[in-house]
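One-based numbering, in listed order, for ligands and for the atoms of each.
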Amino acid sequence: MKVTVVGAGAVGASCAEYIAMKNFASEVVLVDIKEGFAEGKAMDLMQCASLNAFDTKITGTTGDYSKTAGSKVAVITSGIPRKPGMTREELIGINAGIVKEVTANLVKHSPDVIIIVVSNPMDTMAYLVHKTSGLPKERIIGMGGALDSARFKYRLAEALECPISDVDGMVIAAHSDTGMLPLVSKATRNGVPVTEFLNDEQVAYVTEETKVGGATLTKLLGTSAWYAPGAAVSVLVQSILCDQKKMIPCSLMLDGEYGQSDICLGVPAIIGANGVEKIVDITLTDAEKAKFAEAAQAVREVNGDLKF
Ligand SMILES: NC(=O)C1=CN([C@@H]2O[C@H](COP(=O)(O)OP(=O)(O)OC[C@H]3O[C@@H](n4cnc5c(N)ncnc54)[C@H](O)[C@@H]3O)[C@@H](O)[C@H]2O)C=CC1
Ligand SMILES: O=C([O-])CC(=O)C(=O)O
């Protein structure tokens, strides 16, 4: 099955690389606006095929969306990343126009496509795709929670001084420095609540470092991260293409779930061949419910800046 990745920059190329390396897609089409850039990235990646033993065909195009026709999944990574000191929300002015235009081109050539939105501010960009694409809500997925949960597990394992594979945990709510909600109450080390091992100070450190995970990397790198974002997208794409029905937190259009409507926010969902197969309603503590509502309010304000 064919996957399109729009934006052949840092995140887009990483998405294409991880998808190809996992060898579950027949073709990945990279699209970029910069002349020759997607073609070059595709060629470089294809020259890894014999070295890394994958058969996925990777092609590139400068803006010719006819090459994306019949895509099962399209990933939108086009747009600018933040620089140190910026918030994701500050990217809305440039990225909204790009995401809207790219969405229209994708849907024109692949009316049955499932869109994964990566460009920031992601929750608002996912909302924009809902409002402008005409696609059913099951076929629009914002990627944030998969990445934020991976960062949560990284920080938990660091605090617990244990392998990351011993740790489980999930981050929901907004993909923003203040609106992320790492669910400490549900995080475990081999099934045992992490709160049995970590004191309040350690828990507060893990929570805060998780929330600013993207900002920390942006400060270190001078631009935002790409390896873990690409890997997180590849997990979502694989769950769709292979109908794995994994439970993954994603930014989805809510219609009463978690007390919210007409907003995209990170919630756990079953992701399979049809896209979003079910939003999973989990029990939150009162404090978590309050934080979820606070995050929703902040995202709603950013959504208010959109012009359709
Ligand atoms: N949701 C998430 O978890 C994450 C989101 N991001 C976001 O992903 C986006 C991309 O980040 P990077 O790849 O680091 O940026 P980048 O600058 O390396 O790549 C972006 C690419 O988009 C292309 N582009 C711009 N306008 C286009 C258009 N109209 N059509 C096709 N291509 C176009 C550019 O030419 C560039 O190659 C940013 O908005 C960033 O904030 C990044 C990491 C994680
Ligand atoms: O931090 C950023 O701007 C990019 C992003 O969303 C992330 O890495 O989580």
For Thr223, state whether at least one heavy atom is located under 4.0 Å from any atom of ligand 1.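 Distance cut 4.0 Å: Thr223 fails for ligand 1.
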
Would you call Arg82 and Glu90 a salt bridge, taking side-chain N to carboxylate O under 4.0 Å as the test?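 Salt bridge flag = no for Glu90 with Arg82.
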
Taking atom 36 (C) of ligand 1 as the reference point, the nearest protein heavy atom with its distance: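 So the nearest neighbour among protein heavy atoms is Asp32 OD2, 3.5 Å.
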
Identify the protein heavy atom lying closest to atom 8 (O) of ligand 2, giving its residue, its atom name and the separation to 0.1 Å.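 Going by distance alone, atom 8 (O) of ligand 2 is nearest to Arg151 NH2, 2.9 Å.
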
Can you list the ligand 2 atoms lying under 4.0 Å from a non-hydrogen atom of [X]?
X: Leu147; value: 7 (C), 8 (O), 9 (O)
X: Arg82; value: 1 (O), 2 (C), 3 (O)
X: His175; value: 5 (C), 6 (O), 7 (C), 9 (O)

Can you check which of Ala225, Gly230, Gly142, Ser119 brings a heavy atom nearest to atom 8 (O) of ligand 1?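 The option holding the nearest heavy atom is Ser119.
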
Whether the Lys100 and Thr132 side chains hold a donor-acceptor pair (N or O, under 3.5 Å, no angle test) is what I'd like checked.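 Result is no, nothing qualifies.
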
For Trp226, which part has a heavy atom under 4.0 Å from ligand 1: side chain, backbone, both, or neither?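 The answer is neither.
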
Hey, is [X] one of the residues with a heavy atom under 4.0 angstrom from ligand 2?
X: Met86; value: no
X: Met122; value: no
X: Leu217; value: no

